[in-house]
Structure formats: C-alpha cells, structure tokens
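I have placed the structure first, in the form of structure tokens, so that the comments after it can refer back to it.
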Amino acid sequence: MNKAVNPKDLTPVDDNAPLYAARKKVYPQSVSGTFRRIKWGLMAFCLGVYYFLPFVRWNRGLGAPSQAVLIDLPNSRFYFFFIELWPQEVYYFTGLLIVAAVALFLMNSVGGRIWCGYLCPQTVWTDLFYAVERFVEGDRRERMRKDKQAGSLTLKRVSEIAAKHTIWLMIAWWTGGAWVLYFSDAPTLVKDLLTFQAPMVAYAWIGILTATTYLLAGYMREQVCTYMCPWPRIQAALTDEWALNVTYRYDRGEKRTSVKKAAELRALGEQVGDCVDCYQCVAVCPTGIDIRNGPQLECIQCGLCIDACDNVMSKIGRPKRLIGYDNDINIHRRQEGKAPIYRFVRARTVVYSAIIAAVGGIMIYTLATRSLLDVNVLHDRNPLAVKLSDGSIRNAYTVRLLNKSGYDRVIAIDADGPVNPTIHVVGVDSVTPDRPMIVIPRDSTSELRLLVTAPADNNPEKSIPVRFHVTDIGLGVVASTTDNFVAP
Amino acid sequence: MTDHHSEIDSVTGRATTGHEWDGIKELNTPLPRWWVICFYLTIVWAIAYWVVYPAWPLISSNTTGLFGYSSRADVAVELANLEKIRGDKMAALATASLADIEKDPALLALARAKGKTVFGDNCAPCHGSGAAGAKGFPNLNDDDWLWGGTLDQIMQTIQFGARSGHAKTHEGQMLAFGKDGVLKPDEIVTVANYVRSLSGLPTRNGYDAAKGEKIFADNCVACHGDGGKGNQELGAPNLTDKIWLYGSDEAVLIETITNGRAGVMPAWEGRLDPATIKAMAVYVHSLGGGK
C-alpha cells in the first residue's frame with residue numbers, strides 16, 4: 001500500500017534524521033475559515049463549561065450542597081446534577097472511563113485525531129494562548145521580526161511582553177481557580193479565596209495548575225503533543241485506512257509552481273498541480289509541519305491548513321480542498337483516477353458504538369434502579385459465636401446501614417435464619433420485641449453492632465444462612481443481605 | 001596529555017579523551033553542563049544538610065544542627081495537636097455518665113473505637129483480641145459475670161481488678177479443699193459429680209448424689225449459694241449454667257476443688273486515665289454480655 005504514497009515529487013521524510021534536534025519555535029499565522037470557526041466555537045464551549053459549571057446551582061433540599069457538580073471529598077460524595085454518588089459506587093467512574101476511552105477510539109476510527117485537533121485541553125489552552133500572543137504582539141511576521149530583534153528592547157516591546165505574560169498568567173490562574181471550585185461550594189470558596197480564608201490546599205492547587213497551564217500552553221505547546229502525550233503513538237496503532245485524516249491531495253497538487261507559470265504550462269497541456277507552494281499551510285500550522293509531506297505523527301489534525309489552503313485556492317480560482325479530510329484509501333483511488341469512497345459503518349465503528357451503548361446502558365439502568373437504602377453486614381470473626389449461660393448461641397455482626405436519600409428514615413431490622421432468634425442492637429432499647437428500630441439520618445451511614453441469639457433448643461448444626469432485612473417503616477422500602485449464623 | 005585532547009576521531013569528527021583499550025578509543029562526550037551543575041548543587045545541599053539538621057553521631061550524643069530541629073519534638077507537637085483535636089470529644093467522654101455514653105450514638109462509637117484499641121493494647125494478652133477469653137480468663141462476650149455485668153460493675157472491675165492488691169479490689173477465692181485436708185479425695189470426686197449434675201452434665205456411674213449434696217451444703221454453699229447459683233459479691237461462679245471458666249470435665253473440677261483457684265485481674269486505675277477506663281467499660285459492656 002505504501003508504494004503509491006511516496007511519489008518522488010514529495011519531500012521525503014528523512015529516516016536518518018538525528019533523534020534529537022533543538023526545537024524550532026513555531027509562529028502560527030492567524031487564519032479564518034470553516035475549521036477555524038469550529039475551533040473557536042468548541043473552544044468557547046469547552047472553556048465556558050469548565051469555567052462556569054461550578055457556579056451552576058442545583059437544589060437538593062436543606063442541608064445538602066446546592067452545587068450542580070461537586071466533588072465533596074471531606075464527605076466522600078460526588079454530586080452531578082440529580083445524581084449523587086457514594087464511595088461504594090465508584091464503579092460508575094470505571095464505566096465513565098470505559099465510555100470515554102472507547103468514545104476516543106470511535107472518534108479516531110471515524111475522524112482520526114479530531115480529539116487532538118479540537119477538544120484536547122492542551123489544544124484548547126494553547127490555541128487560547130496563541131490568540132493572546134497574536135493580539136498583543138501581532139501576527140506571525142511581526143512576532144518573528146520582534147524575536148529577531150530581541151537584543152534591542154524598547155519600552156514598547158517590554159510592555160508588550162509584560163502584557164502577554166500577565167494575560168497568560170491571568171488565564172492560567174483562572175484555570176487553576178476554576179479547578180478548585182469543583183471541590184467546594186463555589187461562591188463561598190471564591191469569597192474565602194479573596195479574603196485569604198480558604199484552606200491552604202486550595203491555594204496550593206491553584207498554584208500548581210496556574211504553573212502547569214502557563215508552562216504547558218505558553219511554552220511547551222506542540223511539544224506536549226509530539227513528545228509527552230502517548231495518544232499519537234496509541235492512535236497510530238488504532239487507526240485504519242478508512243479513518244479521515246487531514247490530507248494533501250497530491251494528485252491535484254503536483255507539480256507545484258507559481259500561478260503564472262502554471263497557467264502557461266496548462267496552456268501547453270502539461271501536467272501541473274494546484275499547489276502554488278505559498279507555504280500558507282505551513283505558516284498556520286500550530287505544530288509547525290508541512291502537511292504536504294503526508295501523514296505525520298506531529299499532525300493534530302486541527303484543519304487550520306485546510307482553511308489556509310482554501311483561502312488561497314479561492315483567490316487563484318482553483319477548486320477548494322486541495323488539503324482536506326480524506327482517508328488513506330482515497331489517496332490511492334484518486335491517484336488511479338477513481339472516485340473516492342467513504343465508509344463509516346465498519347466492524348470497528350460498530351463494535352465501538354456497541355461497547356459505548358452497552359456500558360452506557362448498564363450505567364443508566366443501574367443508576368435509575370439503584371436503591372437509596374442499603375445494608376452491609378460483617379460477621380464478627382473473633383469470636384465467631386458465643387455460648388450464653390442458658391446454652392443459647394449468639395453471633396455478633398457489624399451492620400452498616402446506608403441512607404442515600406435526602407430524608408431521615410426510621411428502619412426496622414429483622415433476621416431470617418435461626419428459629420426464633422432474638423435481635424438486639426447495642427445501645428438501642430427496642431420498643432417492639434425482637435425487631436429493633438432505629439433512625440438513620442438522611443444522606444449518611446450508620447454503623448451498628450447487632451447481636452442475634454438462637455435459643456438453646458434451636459441451636460443450629462454448624463452454620464446456617466441468615467438473611468437480614470432492613471425495612472423503612474414509613475415507605476416500606478426494603479434492603480436485604482445474607483450472612484451466616486455459626487455455632488461454636 | 002593535552003595531545004590526547006586535541007586528537008580528533010576521523011569517523012565522527014569529534015575529540016577523543018585519548019583513552020585507548022584494545023585499539024578502541026573513547027570519544028570525549030562530557031556530561032551536559034546543567035547536569036554537572038545539578039550534581040555540584042546536590043553536594044552543596046548535602047553539606048548544608050549536615051550543618052543545618054542533626055546528622056553526625058558523636059560518642060555520647062549527636063550534632064544537633066543549627067535550628068535545634070528534632071524529629072522527636074516534631075512527634076510531640078503532632079501528638080499535642082492530636083490531643084487538641086480530640087480534646088472536646090474526650091472531655092465529653094470524661095464527663096458523661098456511663099449510661100449516657102451508651103445512649104448517645106456518637107459517644108458510643110467513640111467509646112467503642114477507643115475501647116477497642118486500648119483493649120488490644122492492655123487486655124488482649126489475657127482475654128484475647130476479640131475478648132473471647134481462654135481457660136481461666138473469662139469470655140467477655142457471654143452473659144456470665146463473676147463480679148457482675150452492669151456498666152458500673154464492669155467499670156469497677158477494670159478500675160480495681162480482682163485479687164490485684166489494690167485497696168478496693170475484689171476479694172474472694174476458691175479454697176483448696178483437697179490440699180488443705182478439708183475434703184478427702186473420694187469426697188472430692190463425689191462433690192465434683194454433684195456439681196456437674198447442677199448444670200445438667202452427666203455424672204459417673206454409681207456416684208452417691210445424696211452424699212454429694214451434703215458435702216456441697218456443708219462446704220460450698222457459703223460462697224456458691226443455695227443450689228450453686230453463685231455470688232457476685234465474692235466472685236463465686238454460678239455452677240448451674242453452661243459456662244465454665246476452667247472447664248467442666250470431672251478431672252478439671254477435681255483439680256479445682258483440690259487446689260482451689262484464684263485468678264488475678266490487675267487494677268487499671270492509675271495505669272489508664274479515667275476517660276479511657278470509662279470507654280473500656282462501655283466497650284466491654286457493648287460486646288454483648290453486659291446486663
């Protein structure tokens with residue numbers, strides 16, 4: 001398959017290039033067009049969600065946090081709109097991670113690295129930082145010129161640099177600030193932060209995230225994608241020939257020559273390409289590559305070169321999409337003069353979709369049907385059983401009752417198993433004999449010591465199953481669990 | 001030596017160190033400057049560390065450093081902080097009555113947690129980590145109590161012990177009827193079988209029940225009470241129930257009657273602070289055997 005990809009006109013990638021080369025600073029030029037607009041839109045959406053979500057309120061009733069999305073570490077709760085998760089339900093996060101990973105695979109099999117190009121935080125913040133840089137210091141040419149004259153600092157230049165870094169740091173600081181707001185009531189925390197009343201850990205996290213945002217988006221930029229991120233490597237192993245990639249159509253691009261010359265040559269009936277070698281695609285590229293060299297590891301497929309090239313093509317009156325999203329198969333088909341084909345329903349995409357649907361379905365189902373009352377029982381191991389003075393046998397259990405609802409519950413505990421057992425909860429005087437009743441406050445866990453005694457004449461043989469029922473006497477909700485009753 | 005440095009390797013075009021082994025020469029590839037600087041900085045750091053922090057052992061002590069830092073003092077501060085954090089709760093434990101502690105879920109949980117750790121440190125060697133006891137050491141989970149199983153009685157036993165030598169300790173012991181010549185061996189066998197019959201255990205063939213009852217009435221009733229129901233004032237066990245501290249075999253009973261028993265429970269007053277003893281009493285009571 002590789003034979004057709006490497007026509008001799010293309011600049012070959014140097015296989016003997018040194019493994020280390022000093023970084024060449026990238027000066028991406030501003031560009032306008034479809035993909036740039038999509039990128040602006042997604043950036044606004046992603047950052048908007050990230051920065052403002054902590055301020056969205058959600059009424060959960062008195063005493064419960066009224067923040068829509070809250071990771072409440074001190075109380076071990078996670079709130080997401082109408083969902084409240086307990087530490088025992090951490091498997092929902094496993095499900096979420098599976099869905100996220102497979103969604104990434106699905107994206108990849110349909111549209112290549114669209115995650116990298118449009119949604120990855122590194123892309124979003126780097127893009128934002130570039131926008132600031134452009135706003136303060138000017139576009140590509142001006143920045144390159146200013147960097148060349150770095151030796152002669154004028155007051156204007158110094159104030160520009162200061163302004164750029166100040167804005168960068170403000171964004172970075174806000175990024176860190178928004179992060180900590182997910183872990184505490186946002187308006188209160190903002191007030192505490194401003195009056196220096198917030199916990200040290202909040203300032204520490206803001207500091208860490210300010211520093212990482214500033215460094216990663218301000219300085220490391222495309223190097224994060226090229227050298228630090230594992231996804232390009234994994235992605236390369238997961239992609240296939242049907243996935244869309246940003247592609248240079250060399251079938252209509254070669255040979256490259258100027259507009260004038262091309263017109264002359266065309267008039268003579270010679271084969272020339274639409275590419276005028278203007279290097280606009282290279283100038284706008286945030287990772288500083290030449291897409292005309294074919295698919296490359298560094299390409300994050302943000303589509304900005306497509307916009308740049310389209311602008312040039314419309315100016316010189318040639319058809320657009322000399323650079324465009326296309327798949328590997330069509331590269332060869334076009335070269336052979338065949339019509340392109342696209343296929344999005346393939347084994348790969350179907351399997352990925354099925355996995356997402358299955359895991360998502362299970363999560364939604366279990367979330368919708370999960371019980372807000374739960375009971376766990378742990379049998380005392382030491383001693384397993386106690387013989388009482390009248391010959392009856394007693395087992396002790398540690399019972400943990402979980403009331404995940406927003407109201408206090410009065411519950412009764414019953415045990416099925418040994419014949420005529422008596423049940424006693426330590427510290428609770430039962431009004432009804434053998435059926436202890438206690439109150440579990442809303443949204444909390446109660447740990448009780450439960451004693452179950454089997455009368456002497458009903459001593460079980462060795463070990464019999466015992467089933468504990470916990471009944472909400474107000475609502476009739478029941479939770480049960482099984483353990484064993486053991487004889488000495 | 002300077003000659004070696006100027007020697008240039010023809011293949012790579014780089015200088016060599018001039019070292020040669022078996023015809024192989026070493027290229028001069030110095031470490032990056034930043035790496036070397038970091039290396040020297042670590043040396044400086046290490047020396048500073050020796051000076052600033054306690055480091056060198058001397059003959060009878062050690063260098064104390066410039067700031068007087070010591071990890072021991074650090075621990076003391078941490079412990080003091082911990083006491084401060086726990087202060088309120090422990091104060092509540094110290095002031096509340098035993099019954100109130102057991103009624104308050106928060107205090108009960110605290111007392112149980114505290115009691116459990118202290119029990120593990122102090123009581124487990126005899127009573128076992130789960131308080132299940134052992135031969136001669138009472139099981140604290142069951143409902144049979146030598147000295148009483150109410151909260152106050154348990155607390156008293158923990159405070160003052162049994163035969164511990166403390167002024168307020170529980171006194172009373174099982175006499176050595178055989179060793180002291182009060183009962184003859186055949187009488188001991190008879191009364192041992194009688195005692196077994198009190199709790200419904202089988203007796204030896206041909207034993208004289210009437211004789212056993214008489215020996216019991218003459219010698220044992222004073223402590224164990226009419227019908228062998230026991231006496232918590234004296235720590236005399238109830239002989240009619242199914243729980244036997246030293247075992248219920250005939251041989252064990254003969255041994256007990258012949259040589260007597262006087263197990264010792266140490267007094268914990270003075271060794272544990274009052275709040276801790278309280279927590280322990282609540283913990284033991286909540287094990288399930290409490291009356």
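Side chains included, hydrogens not; waters and symmetry mates left out as well; all remaining heavy atoms used. Residue numbering restarts at 1 for every chain, and letters A, B, ... go by the order of the sequence lines.
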Picking from [options], which has the most non-hydrogen pairs under 4.5 angstrom with chain A?
{"options": "B:Gly128, B:Gly200, B:Ser286", "answer": "B:Ser286"}
{"options": "B:Ala109, B:Pro105, B:Ser129", "answer": "B:Ser129"}
{"options": "B:Lys103, B:Glu102, B:Lys242, B:Arg112", "answer": "B:Lys242"}

Could you walk me through whether A:Ser392 and A:Asp390 pass the side chain to side chain donor-acceptor pair (under 3.5 Å) check? CA-CA 6 Å; A:Ser392 53; A:Asp390 63 355; 2.6 Å; yes

Parallel, tilted or perpendicular, as decided by the 30° and 60° cut-offs, for the rings of B:Tyr194 and B:Phe216: tilted

Between A:His379 and A:Tyr397, how do the two ring planes meet: parallel, tilted or perpendicular, split at 30° and 60°? perpendicular

Indicate yes or no for a side-chain donor-acceptor contact from A:Asn403 to the backbone of A:Ile440 under 3.5 Å, with no hydrogens or angles considered. yes

Any donor-acceptor pair under 3.5 Å linking the side chain of A:Asp472 with the backbone of A:Ile411? no

Name the region of A:Leu451, side chain, backbone, both or neither, that has any atom closer than 4.5 Å to a heavy atom of chain B. side chain

Pick from A:Val386, A:Val428, A:Leu448: which one has the most heavy-atom pairs with chain B under 4.5 Å? A:Val386

Got a second to check how far A:Lys404's NZ is from A:Trp86's CH2, nearest 0.5 Å? 7.0 Å

Side chain, backbone, both or neither: which part of B:Leu287 has a heavy atom under 4.5 Å from chain A? both

Answer with side chain, backbone, both or neither: which region of B:Asn139 has an atom nearer than 4.5 Å to a non-hydrogen atom of chain A? side chain

